[in-house]
Protein chains: 2
Amino acid sequence: MTEKIPTIQDVARIAGVSTATVSRVLSAPDMVRARTRERVTDAIESVGFTPNMAAQSLRRRRVKTVLVALPNIGNSFFGPIVDAIERACTERGYDVLIVNRRPDSSDDASLLSYFNSNRADGLLLFDGSTSRSNWSARVGNRELAFPTVNVCELIEGGGLPTVLSDNEGGVEMAIDYLVRMGHRNIGRVAGPEENVLNRQRGLGYAKALKRHGIDPGLQWRHAGPFGFQTGHDAARRFVELADKPSAVFCDADEIAIGFISELHAHGLTCPNDVSVMGFDDIPFAAQSSPPLTTIRQQHKQLGRLAAELLMDMLEGGLQGETAHVVLACELVERQTVRAIAPTQT
Amino acid sequence: MTEKIPTIQDVARIAGVSTATVSRVLSAPDMVRARTRERVTDAIESVGFTPNMAAQSLRRRRVKTVLVALPNIGNSFFGPIVDAIERACTERGYDVLIVNRRPDSSDDASLLSYFNSNRADGLLLFDGSTSRSNWSARVGNRELAFPTVNVCELIEGGGLPTVLSDNEGGVEMAIDYLVRMGHRNIGRVAGPEENVLNRQRGLGYAKALKRHGIDPGLQWRHAGPFGFQTGHDAARRFVELADKPSAVFCDADEIAIGFISELHAHGLTCPNDVSVMGFDDIPFAAQSSPPLTTIRQQHKQLGRLAAELLMDMLEGGLQGETAHVVLACELVERQTVRAIAPTQT
DNA sequence: GCAGAGCCTGTAAACGATTACACAGCTTGA
DNA sequence: TCAAGCTGTGTAATCGTTTACAGGCTCTGC
């Protein structure tokens, strides 16, 4: 019994006007006389008309859709951010298309195709693989026009507008705190080597340590992808260590939580045997046992600002200046860091 | 320097054929002679042509896009499922549109509009508010045609194809296990009252208890939305209890983890003071301290099967039979349940 | 040499909206 | 009375594909 979906023609016929008028009622209401307008709105109402987006996009040359390219939807870090993006977008009438950017399908081409096949007007790109700085070149080549905002991470030299946290400052804050708590032997479990975040956070780590007269080069270090597994691996190496750091800074909460969890499995406890800090403040950080001391990123803000920025770009054309938003981080003190008497090493 | 995006016309001109032929090369290659075909593919290659989806959708009357309506993207339970959906969809050339279904914007109308405005061909609906069984009515009324698959939850009486876990059986499994471990005073922290999952899991709970000669009506119970907060609330009530259950079954891992976390804050520990079980096996369950004993849902499978089913429907038309897939759950034994000597109450 | 049957390919009409342009009807002011 | 200027509306072209239909070509068998 599938009735046909009503078109603008149906509305026009019922209201006794031309399709042009119906269209105008929808997009420029005060261009049409009040009485006519009312007849049209009634007709729209009565048949339940909704403009066909395909037709509209074809004619208008834009789809009011934003593409969100994530490295891994499964990672709980992205949940709140995507949530904020979706909110901001629907508020302004944009749809949100999600694509999981598998590292293997490294084809930026497939992202670009979303643009020139008219499936998305703009792109929110979560990507910081430094190896991918050729993206900008690629873009510069021919399709410069795909409006893109880098979120959370950034592509160095890409020249793209960016919204991210002050990663360097955030880590400095963490290290300062650990030092203040008496730690001077501070290890680090880092993110993937080829990632910008890893570099930025590494910078903050080194800078802060140096400021306190500690040689960053001498500290214990482990690196791996963002995720529990890296925490596990690090913990297994950690327990073997002869000279254990009294504190370990982890580049991500998931890593920190994996680290602590595996530590427990080996009979060590946090913060008694070692203090641990994370980075992100994902929702679980507050729930783990013990609750994780960490550096908070402003997830909601990151998502919302990036989305707003992109939509502004889409609507205002390119504004000359390419924006660069950096959000401050915040120290969240919970229970995985213990104050110790400063030892003379 | 924004060059124009190439159209099928450009390709046709370059290859020296008509647009019809180009179109055929793309959608029915063996309808055109090998030599011509090659000239066309070369032309396509050389200008980097990608069909304009808006035009294609307009003509073909389908957009190859699936709408995913979640109650809350932020909830980490959905991560792996959405991941699986996205994988299955892109494999078959479908895009994934995400919409966060805020309870307040209760308008099913807005979901339907995705359909009749030609923005999505089908819907993966995560929704189990029993109050919403009018959805089916609404659908039956006029827009029956929006192909929909219920995922994880289901709308009772909606008559929609469904993919979900054996919630009842899963909880029975949990209770059987707790009883086997010596528990006979088993509380429950339930999900939101108006949710089907709550009902289904409640059924399993009651059934299993009765089978073991325990009166479900006499057990301690707390209910609230899925999320940490409910766990916290439950814990605060729990610590006040005179006659504490020796075990508590939680309707979701997030609830269980919140419960344990808040218990710790009050000086009680799990599983020494109380055994706790969750449901879902979200990624964090294995990482929390102590690792959570829970009932695993097959997230990947749920997502993939639902997506496949929907796409099959879209491509094969409606198959007469409306499918009803129920996936088995699995008990994951970790460390939040302690064996106790059965007490004679 | 020709009818008939296949193959390929082109022509042109959709799909459902938007919008430049034209124009009808009314004011207004000279 | 008429030119000029508004308003409000309709006409028709357009966006970039797909596809029904028609027709040209080649091949076969007589």
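We use all heavy atoms of the structure for the numbers below, so side chains are in, but hydrogens, waters and symmetry mates are not. Within every chain, numbering begins at 1; the chains are lettered A, B, ... in the order of the sequence lines, protein sequences first and strands thereafter.
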Residue-phosphate contact under 4.0 Å: [X] side-chain N/O, [N] OP1/OP2:
X	N	result
A:Gln56	C:dT18	yes
B:Ser57	C:dC15	no
B:Thr7	D:dG16	no

Which of the following nucleotides, [options], is nearest to the side chain of [X]?
X	options	result
B:Ser23	C:dG16, C:dT18, D:dT19	D:dT19
B:Thr36	D:dG16, C:dT9, D:dT9	C:dT9
B:Arg59	C:dG10, C:dA17, D:dG16	D:dG16
A:Thr21	C:dG10, D:dT17, D:dT9	D:dT9
B:Arg33	C:dT19, C:dC8, D:dT17	C:dC8

Does a side chain donor of either B:Asn100 or A:Asp83 reach within less than 3.5 Å of an acceptor in the other side chain?
-> yes
Let me know the distance between [atom1] of [X] and [atom2] of [N], rounded to the nearest Å.
X	N	atom1	atom2	result
B:Glu38	C:dC8	CD	P	15 Å
B:Phe49	D:dT18	CZ	P	7 Å
A:Asn118	D:dT14	CG	P	20 Å
B:Arg13	D:dT17	CZ	C1'	16 Å
B:Asp30	C:dC7	CG	P	12 Å
B:Met31	C:dC8	CE	P	10 Å
B:Leu26	D:dT17	CG	C1'	10 Å
B:Arg119	C:dG16	CZ	C1'	16 Å

Ring centre gap for A:Phe78 and A:His299 strictly below 6.0 Å | no
When we call it a touch if two heavy atoms are under 4.0 Å apart, what does B:Val22 touch: a base, just sugar-phosphate, or nothing?
->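 Result for B:Val22 = nothing.
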For B:Ile44 and B:Leu26, run side-chain contact (heavy atoms from CB on, under 4.5 Å): C-alpha distance rounded to whole Å, both residues' side-chain angles, the deciding distance at 0.1 Å, then the answer.
-> CA-CA 10 Å; B:Ile44 290 179; B:Leu26 260 25; 3.5 Å; yes
Nearest-nucleotide wise, let me know which of B:Ser18 and A:Thr50 is further upstream toward the 5' end of DNA chain C.
->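 So the residue in question is B:Ser18.
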Is B:Arg61 side chain donor-acceptor paired with the C:dG16 base, going by distance under 3.5 Å alone?
-> no
Do A:Thr65 and A:Tyr114 touch side chain to side chain, with heavy atoms closer than 4.5 Å?
->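 Of all side-chain heavy-atom pairs linking A:Tyr114 with A:Thr65, none is under 4.5 Å.
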Side chain proximity check, A:Leu310 to A:Val66, heavy atoms < 4.5 angstrom | yes
Map B:Ala20 and B:Leu58 onto DNA chain D by nearest heavy atom, then report which one ends up closer to the 5' terminus.
->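 On the 5' side of the pair lies B:Leu58.
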